[in-house]
Amino acid sequence: MPREIPKAYEPQQIEQKWAKSWAEEKLFRADVNAPGPVFSIVIPPPNVTGSLHIGHMLDHTEIDILTRWRRMQGYNTLYLPGTDHAGISTQRVVVRQLAAKGINYRDLGREAFEKKVWEWKAESGGTITKQMLQLGESCDWTREKFTLSPELSRAVTEVFVRLYEDGLIYRGHYIVNWCPQCRTAISDLETVHEERQGHLWHIRYPIVGTNESVVVATTRPETMLGDTAVAVHPSDERYQHLIGKRVMLPLVNREIPIVDDFVVDREFGTGAVKVTPAHDPNDFEIGRRHNLPEIDVMTDDAKMSAAAGPYAGLDRFEARKRVVADLEAAGLLVKIADHTHAVGTCDRCGTIIEPRASTQWFVKMKPLAEPAIAAVERGDIELLPDNRRTEYFEWMRNIRDWCISRQLWWGHRIPAWTCGDCKEIIVARQAPTACTKCGLTHLTQDPDVLETWFSSALWPFSTMGWPDDTPDYRKYYPTTLLITAYDILFFWVARMIMMGLKFTGQVPFKQVWMHSIVRNADGQKMSKSKGTGIDPVEMNEKFGTDAMRFTLASMAAPGTDIILTEDRILSYRAFANKIWNAARFVFMNLDKYETAGGETLEVLAAADTRAAAPYAAGAEIPLIDRWIFSRLARATAQVNDALEHFRFHEAAHVVYHFFWGDFCDWYIEWVKPELVSEDRVKAAATWKNLFSAFESALRLLHPFMPFLTEELWHQLPQRDGARSIALDKFPEAHAERIDTLAEEQVALLQEIMTAARNIRAEMKLDPKAKLPAQLGPAAPAVQSTVERSLDTILRLANLSSLSFSKPPFDSTKGVVRSNKDFELFIAFDAAIDIPAEVARLRKELDRLTKDIASKDARLKDETFRSKAPENIVKGMEATLAERRTEFGKLEERLAQFERL
RNA sequence: GGGCGAUUAGCUCAGUGGUUAGAGCGCUCGCUUCACACGCGAGAGGUCCAAGGUUCAAGUCCUUGAUCGCCCACCA
């Protein structure tokens with residue numbers, strides 16, 4: 001019966017078909033009752049055509065590779081729902097888009113903003129963001145309507161309350177990173193430092209009651225309006241006499257004290273620093289120590305506030321210009337120096353952060369960090385690759401308290417209420433009806449929401465039904481392995497570890513694999529919100545998701561980032577096409593075979609195709625069948641080992657070369673005639689082996705190219721009820737099945753055929769003409785190997801005959817190619833390009849001479865002989881002998897030319 | 001300022017101290033061979049950034065330097 005293999009490989013159609021099917025089959029859904037070990041990781045929904053997550057593209061590729069591989073090994077593979085994070089990033093994207101147009105989302109009004117978000121959701125549907133949106137559907141994102149999912153929401157509240165009760169969450173007034181565009185506080189991690197070319201303005205502050213003055217240096221002159229002191233180092237001799245005196249703050253005409261504080265760096269600027277406690281972290285600390293007032297001279301959107309007097313209402317940068325101009329006019333601007341410094345910008349909108357004193361909710365991190373450091377030190381959690389450990393420790397040991405409250409329109413509302421009467425703050429699981437202190441009922445809930453990473457940190461257990469003791473929680477917590485991009489180590493991984501240890505007493509996962517991230521040629525991250533780099537959706541559509549996945553896998557060497565190029569994807573698109581065509585060849589010939597009265601595929605495939613061993617028709621298994629199964633066993637062992645060690649690029653490389661190089665280029669070409677052989681028994685045996693090898697190759701390929709392999713696998717007869725290749729077994733490593741002798745013999749035959757083709761190509765002989773050749777074998781074993789595969793050699797090397805003769809051959813009447821095992825001679829009448837051949841020989845001899853000299857010297861070195869391992873010495877001796885053999889042959893041929 | 005990584009073929013990159021350093025693309029030559037021109041066959045192409053060191057042996061380990069990149073960082 002004819003198979004349905006279209007001529008053209010069209011990935012999109014295949015992808016759509018199988019993505020739908022997998023979603024229906026729930027292939028990667030966790031099943032708490034399923035047997036087998038649990039392998040659980042961050043997983044995307046299975047119904048993705050573009051199996052990529054935009055922010056961390058490799059998540060979906062590599063995880064999926066491991067997931068499918070482990071699933072095929074019988075692991076019970078877990079797939080977890082996303083957190084609110086994905087839903088909330090929708091808002092972020094819209095905020096960013098609006099900001100790019102100079103619009104603050106708040107200025108739109110809540111209703112219009114909400115409308116924009118839904119519009120964007122609709123617009124971006126069908127693209128990569130669709131997955132995120134699907135995840136986000138479960139969370140209702142406006143503050144009023146926020147429900148997360150009831151389970152996750154409950155966990156977040158529970159954690160907040162418990163941390164508060166333990167004294168690990170507090171409400172405090174400190175300097176925070178304030179984003180004037182988003183109009184919210186953000187955490188340290190959400191700020192991005194950028195080197196900016198700025199100025200260091202030197203300003204003269206007159207000292208009250210003297211003619212003296214002190215010069216301070218600042219990069220933000222507009223903040224001087226909020227100065228409440230000038231500080232110098234306690235032991236700075238230049239300023240000793242000024243400590244305790246007062247200066248008249250220019251422009252504002254406010255008297256402020258000169259204080260001494262150890263944080264002042266005598267070397268920087270003038271050694272005297274203006275102190276603005278409300279707008280600088282250092283100054284804030286100085287202010288606390290010296291009891292200085294805080295004057296916040298700005299509003300939420302970084303315009304100057306009423307406290308800035310005449311500058312009120314101006315934008316901060318406009319105010320900067322005016323302040324500088326006014327100081328200059330007053331003759332108080334001493335100098336302006338160029339100064340590059342790091343400016344904090346908002347991770348989500350790029351606006352320059354204003355450090356600003358503000359009352360926020362914080363988490364005390366030290367007590368949470370200590371057990372998390374210990375867990376990694378003890379090896380309870382393994383961070384891989386392990387140079388990431390250093391980063392983790394560094395960050396954890398210098399951790400600062402975490403500002404978790406946000407003044408945004410979406411997020412999980414903070415479960416805290418303030419009593420309008422006695423100002424008591426009540427943190428509770430349920431909204432209280434009356435104040436716990438004064439009993440009155442004028443309670444208002446804190447308007448702030450929690451930052452998304454707070455709830456994300458709970459993900460390993462909040463998704464399992466925690467705080468209830470559920471079967472899911474018992475089975476799946478802690479999990480085995482977390483895979484993610486390294487750029488999320490602090491945001492998420494570290495916080496999951498801390499929260500996991502705090503609330504469950506166990507590590508959330510035992511291993512963390514941090515894969516590389518994709519950058520564009522400028523070194524920028526591929527980013528969903530920034531629109532940088534190659535658009536993965538476009539690439540998927542252009543080349544197919546399988547090609548894209550394979551490309552990413554092939555480039556996923558640990559430790560370095562990936563720069564994706566179209567060329568590379570294109571080459572794996574070609575590979576996908578090659579697999580497709582190999583399948584077409586197989587099925588087309590099968591049709592012919594069946595039509596001619598051969599067994600049907602069903603009969604052929606009734607043989608155990610999973611035996612991964614060649615099928616024997618008679619007493620002797622053909623060499624090439626032994627060979628392909630040996631190559632398969634080798635590749636399988638290598639792929640399994642590579643995946644076990646997260647070496648995706650190696651696995652991809654091995655499977656690529658096995659399929660293209662061994663299976664297509666040699667095996668298929670070799671057995672072509674057998675497939676239509678008159679000898680029915682022989683033909684059937686070949687078919688069985690071909691199918692067996694092909695089917696194994698598909699399973700080997702499946703984690704890398706899931707759609708294509710699924711499609712082709714279903715064309716092969718499968719056992720009743722077989723639903724997906726992903727549910728079949730992954731080929732098992734059986735290194736003992738490697739047939740070294742078969743590999744050596746085939747390698748020899750390949751070299752003979754290559755030599756013959758080389759002579760033809762180099763001498764520009766008629767590509768169609770069948771030529772007679774002579775072989776001078778070095779050993780009887782070579783001759784018998786050749787004799788047994790003579791027909792194949794003649795066919796694949798396009799020779800009319802191959803006879804055995806004793807060398808040397810006459811180089812002047814034809815061309816010789818040789819190696820340690822044989823000399824191959826093809827005689828012909830046409831003129832030989834002697835200079836070319838001589839040059840070739842000389843070059844080859846030159847290389848051999850150097851190699852022989854170097855090996856000879858090494859082997860004569862007694863130290864080498866006594867210190868190097870025996871196998872190295874023996875191996876080198878053998879190689880040296882071979883090189884000398886080759887050298888002799890080449891020298892003889894060169895001599896023949898020179899005798900002319 | 002601190003940390004991490006990179007530097008290998010024209011390009012993008014692999015390379016686990018050991019015997020002639022690999023891949024893909026590109027390039028050259030030849031093939032419309034009935035699975036595949038997204039292909040087949042045959043080739044060319046590399047002082048492995050530099051200088052020292054360790055070792056019997058270094059692309060691989062160590063030191064220093066150069067260049068590029070990333071992350072972290074409250075010096076105004």
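Residue numbers start from 1 in every chain, and the chains themselves are labelled A, B, ... in the order their sequence lines are given, proteins ahead of strands.
When the C1' atom is used for both B/A73 and B/G24, the distance is 40 Å, rounded to whole Å.
As judged by a 4.0 angstrom heavy-atom cut-off over every strand, A/R760 is placed among residues making no nucleic acid contact. Contact annotation for A/H645: no contact, since no heavy-atom pair falls under 4.0 Å across all strands. Residue-level contact check: A/E862 touches neither bases nor backbone, having no heavy atom under 4.0 Å from any strand. Nucleic acid contact class of A/G269 (heavy atoms, under 4.0 Å, all strands): none. Across all strands shown, A/R573 has heavy atoms under 4.0 Å from base atoms, whether or not it also approaches the sugar-phosphate.
By the side chain to side chain donor-acceptor pair (under 3.5 Å) test, A/R288 is found to be paired with no residue, residues two or more places apart in sequence or in another chain being considered. Every residue two or more places apart in sequence or in another chain that forms a side chain to side chain donor-acceptor pair (under 3.5 Å) with A/D236 is listed here: A/R238. Qualifying ring pair (Phe, Tyr, Trp, His ring centres under 6.0 Å) partners for A/F268, counting only residues two or more places apart in sequence or in other chains: A/H339. Residues satisfying the side chain to side chain donor-acceptor pair (under 3.5 Å) criterion with A/H649, sequence neighbours excluded, are absent altogether. A/E844 meets the salt bridge (charged side-chain N to carboxylate O under 4.0 Å, His left out) test with A/R847; sequence neighbours excluded. With sequence neighbours left out, A/R795 forms a salt bridge (charged side-chain N to carboxylate O under 4.0 Å, His left out) with no residue at all. Partners of A/H202 by side chain to side chain donor-acceptor pair (under 3.5 Å), not counting sequence neighbours: none found.
A donor-acceptor contact shorter than 3.5 Å is absent between the side chain of A/H341 and the backbone of A/L200.
When each of A/L771, A/T754, A/V815 is paired with A/I759, the side-chain contact (heavy atoms from CB on, under 4.5 Å) condition holds for A/V815 and for no other.
Base-pairing analysis of RNA chain B finds the following stems of at least three consecutive Watson-Crick or G-U pairs, with both pairing distances under 3.5 Å: B:1-7 with B:66-72, B:10-13 with B:22-25, B:27-31 with B:39-43, B:49-53 with B:61-65.
Rounded to a whole Å, the CG atom of A/D261 is 18 Å from the P atom of B/C74. The CG-C1' distance, from A/D188 to B/C71, rounds to 15 Å in whole Å. Rounded to a whole Å, the NZ atom of A/K874 is 16 Å from the C1' atom of B/C56. Residue A/I399 contributes atom CD1, which lies 16 Å from atom C1' of B/C74 at whole-angstrom precision. Protein atom CD1 of A/I563 is 12 Å distant from nucleotide atom P of B/U7, rounded to whole Å.
In terms of polar N and O atoms assigned as donor or acceptor, the side chain of A/T879 comes within less than 3.5 Å of the base of B/U19 in a complementary pairing.
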Sugar-phosphate atoms are those with a prime plus P, OP1 and OP2; base atoms are the rest. Using that split, label each nucleotide of nucleotides 23-35 of chain B B, S or - for protein heavy atoms under 4.0 Å, 5' to 3'. SSS---SS-S--B

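Between A/D260 and A/R289 there is no salt bridge, since no side-chain N of the basic residue sits under 4.0 Å from a carboxylate O of the acidic one.
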Sort me out a list of protein N/O and nucleotides 44-47 of chain B N/O pairs below 3.5 Å, or just none if empty.
| from | atom 1 | to | atom 2 | distance (Å) |
| --- | --- | --- | --- | --- |
| B/G45 | OP1 | A/K843 | NZ | 3.2 |
| B/G45 | OP2 | A/K843 | NZ | 3.1 |

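Residue A/T863 places none of its side-chain N or O atoms closer than 4.0 Å to OP1 or OP2 of B/U55.
Screening residues 552-573 of chain A for ring pair (Phe, Tyr, Trp, His ring centres under 6.0 Å) gives A/F550-A/Y572, A/Y572-A/Y656 as the qualifying pairs, with residues at least two apart or on separate chains. Listed by first then second residue, pairs satisfying salt bridge (charged side-chain N to carboxylate O under 4.0 Å, His left out) with a partner in residues 750-763 of chain A number zero, not counting sequence neighbours.
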